[in-house]
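Chain letters run A, B, ... following the sequence lines, proteins first and then strands; every chain starts at 1.
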Number of protein chains: 2
Amino acid sequence: MTAGSPLRRAVPPSTVARLPVYLRALDELAAQGVARTSSGELAELAGVGSAQLRRDLSFLGSHGVRGVGYDVEHLQAQVAAELGMTGDLPVVIVGIGNLGHALANYVVDAGTGFRVAALVDADPRVVGTTVAGLVVEDDARLGEVVQREGATLAVLATPAAVAQEVCDRLVAAGVTGILTFVPRVLQVPADVDLRSVDLATELQILAFHARQRTLERG
Amino acid sequence: MTAGSPLRRAVPPSTVARLPVYLRALDELAAQGVARTSSGELAELAGVGSAQLRRDLSFLGSHGVRGVGYDVEHLQAQVAAELGMTGDLPVVIVGIGNLGHALANYVVDAGTGFRVAALVDADPRVVGTTVAGLVVEDDARLGEVVQREGATLAVLATPAAVAQEVCDRLVAAGVTGILTFVPRVLQVPADVDLRSVDLATELQILAFHARQRTLERG
DNA sequence: GACTGTGAACATATTCACAGCG
DNA sequence: CGCTGTGAATATGTTCACAGTC
């Protein structure tokens, strides 16, 4: 059963979602040569309350020193390790249209712990071209590519019509985490992690609040 | 005080975040000529539980008929109205690099209720070029552009170094909702709505779960 | 004295299960 | 009878406030 490691408390999802922000703040401090920080300072940089930051970090274990604070380098390593950022994780990007193109460059440029392992597209006019320093490969070989690179993460930026089918093939090839930019509900098995980013959805949420503000005034 | 409209219950944020998904599902049904639906069917399309869907819709008022279901067109109108999707809302996009370019095309193509009112960039090589059918305008005129278009929403896709400064100028010009793709914590006044989409953060969250899976096995 | 780590209070969100209504 | 709308139960998340430790 799952009674293997009774010592580790589970890190709640809401905390996991904030760890990347903390990691970035720690990277900044480290880059400035700051050796030690406090929950107040870090929280300020991360845009959260100091109590929340301390609570979040406490799920990773006790890495601070009471009355003193946190060692920047040590904490940086702990958070990075918790996020599985050891070495560069291979990511496959599927769908090299306008958006896929931009995302590929983004991942290549941002020196964060990911490596664009391959770019894949179904359009024969795109296959064979070089984007962000990689040659775009044929969608027909998707499974092959995923396995060749040992990729467990994929970014999906295809047209909506083919997204579910591509998604299924990614899962079949062994991908366990998918980040989709396609505005469509996708089905994945329970053991696969799906996160969705949707521009239209985000704008509509903003529109809701904009309207609330309008109503509150005259 | 805020005791003006005692009849309307507040729609919780978690519900607001799902309304766009429901709206898209309703649009699909309407496009297929389906006139009536049920919480079960809609929930299936939206990828949520039927109880959650009913609870969410109940915050907008009672728009279903017991024993029968929901009228697709009526519900569509209600949800759209709640989101403030009346007519096309003007959106200004700032930072027309690779990503801004892709986002501009996305908003223009996706027939969802937004209109790209203007594109703005600081790079003289980009200003004056045509992207997604619009001529890119000079960042120096940002405030002017926002007011000319009456835009209350903006998308931010600038380099990280200038993001806070651009953000401040957007707010000063009257923008009340900002969607940022810049990997940096931004400060805005309490009456401005800020939503952040960050590729690196999303990938790191996926990496966390990928690692958990690895640990659970041998 | 300063700052962490956390129990306890509070707030928000989800799910269940069924009463109410057409 | 079927399906909505919702009270009650549960689960998750945030904040407060302070005991514990250096």
Side-chain angles (χ1 to χ4, degrees), chain A residues 7-22 25-26 29 34-76 78-79 82 190 205 208-209 212, chain B residues 7-22 25-26 29 34-76 78-79 82 190 205 208-209 212:
Chain A
L7 295 171
R8 209 8 135 175
R9 353 187 216 333
V11 183
S14 55
T15 293
V16 173
R18 282 184 295 266
L19 291 181
V21 182
Y22 301 158
L26 286 164
L29 288 174
V34 177
R36 188 190 289 162
T37 187
S38 66
S39 62
E41 183 179 46
L42 248 187
E44 171 85 22
L45 285 171
V48 302
S50 67
Q52 179 151 87
L53 183 127
R54 289 200 303 278
R55 169 80 67 197
D56 284 339
L57 293 184
S58 78
F59 289 114
L60 315 195
S62 193
H63 297 292
V65 181
R66 292 175 197 240
V68 178
Y70 302 91
D71 179 86
V72 171
E73 223 173 291
H74 173 78
L75 192 55
Q76 200 182 9
Q78 291 300 320
V79 176
E82 191 69 35
I205 294 170
F208 172 88
H209 293 291
Q212 294 304 105
Chain B
L7 296 171
R8 207 12 132 173
R9 355 187 213 335
V11 183
S14 55
T15 292
V16 173
R18 281 184 295 267
L19 291 180
V21 182
Y22 302 157
L26 287 165
L29 289 174
V34 178
R36 189 188 290 162
T37 187
S38 66
S39 63
E41 183 178 44
L42 248 188
E44 171 85 23
L45 285 171
V48 302
S50 67
Q52 179 150 88
L53 183 127
R54 289 199 302 279
R55 169 81 69 196
D56 284 339
L57 292 184
S58 79
F59 288 114
L60 315 195
S62 193
H63 297 292
V65 181
R66 291 174 197 242
V68 178
Y70 301 91
D71 179 85
V72 171
E73 222 171 294
H74 174 78
L75 192 54
Q76 199 182 10
Q78 291 301 321
V79 176
E82 191 69 36
I205 294 169
F208 172 87
H209 293 291
Q212 294 303 104

Exercise for the section: Inspect the surroundings of CD in A/Gln52 and state if more than 12 heavy atoms from other residues, nucleotides or ligands are less than 6.0 Å away. Expected result: yes

Completion exercise
To the nearest angstrom, the NE2-P distance between B/His74 and D/dT4 comes to 14 Å

Fill in the blank from the handout: In whole angstroms, the gap separating P of D/dG7 from CZ of B/Phe59 amounts to 11 Å

Completion exercise
Going 5' to 3' through nucleotides 12-22 of chain D and flagging B where a protein heavy-atom sits under 4.0 Å of the base, S where only the sugar-phosphate is that close, and - otherwise, we get -SSBBB-BBBB

Problem - Rounded distance (Å) that lies between atom P of C/dT4 and atom OH of A/Tyr22 - result: 13 Å

Practice task
Count the heavy atoms belonging to other residues, nucleotides or ligands that lie under 6.0 Å from CZ of B/Arg36, then report whether that count exceeds 12.
Solution key: no

Exercise for the section: Would you indicate, yes or no, if C/dG5 has its OP1 or OP2 atom less than 4.0 angstrom from a side-chain nitrogen or oxygen of A/Tyr70? Expected result: yes

Handout entry: Length of the CG-P vector between B/Leu57 and D/dG5, whole Å
Key = 7 Å

Problem - Nearest-0.5 Å distance, CG of residue A/Leu42 to OH of residue A/Tyr22 - result: 8.5 Å

Problem - Axis bend over the full length of the helix from C/dG1-D/dC22 to C/dG22-D/dC1, computed from five pairs that close each end, to 10 degrees - result: 0°

Completion exercise
side-chain contact (heavy atoms from CB on, under 4.5 Å) test vs B/Leu26 passes for just one of B/Val21, B/Val79, B/Leu45, namely B/Val79

Handout entry: For A/Ala17 against A/Pro20, the heavy-atom pair lying closest together
Key = O-CD, 3.6 Å

Handout entry: Atom pair CG (B/Leu60) and CD (B/Glu82), whose distance is rounded to the nearest 0.5 Å
Key = 5.0 Å

Exercise for the section: Ignoring backbone atoms, test whether A/Ser38 places a side-chain nitrogen or oxygen under 4.0 Å from the OP1 or OP2 oxygen of C/dC3. Expected result: no

Exercise for the section: Begin from the C-alpha positions of B/Asp56 and B/Val48 and carry the test side chain to side chain contact (heavy atoms under 4.5 Å, CB included) through to its verdict. Expected result: CA-CA 11 Å; B/Asp56 284 339; B/Val48 302; 5.9 Å; no

Exercise for the section: Check the distance between D/dG5's P and B/Leu53's CG and give it to me in whole angstrom. Expected result: 10 Å

Handout entry: Contacts of B/Glu41 that satisfy side-chain contact (heavy atoms from CB on, under 4.5 Å) - sequence neighbours left out
Key = B/Leu29, B/Thr37, B/Ser38

Handout entry: Whole-Å gap separating C1' (C/dG22) and CZ (B/Arg36)
Key = 11 Å

Practice task
Send over the distance from B/Leu42 CG to D/dG5 C1', rounded to a whole Å.
Solution key: 15 Å

Practice task
Grab the CG-C1' distance between B/Asp71 and D/dT4 for me, whole Å please.
Solution key: 15 Å

Handout entry: A/Ser39 side chain near C/dC3 phosphate (N/O to OP1/OP2, under 4.0 Å)
Key = no

Practice task
Count the heavy atoms of every other residue, nucleotide or ligand shown that sit under 6.0 Å from CD of A/Gln76, and state whether that count exceeds 12.
Solution key: yes

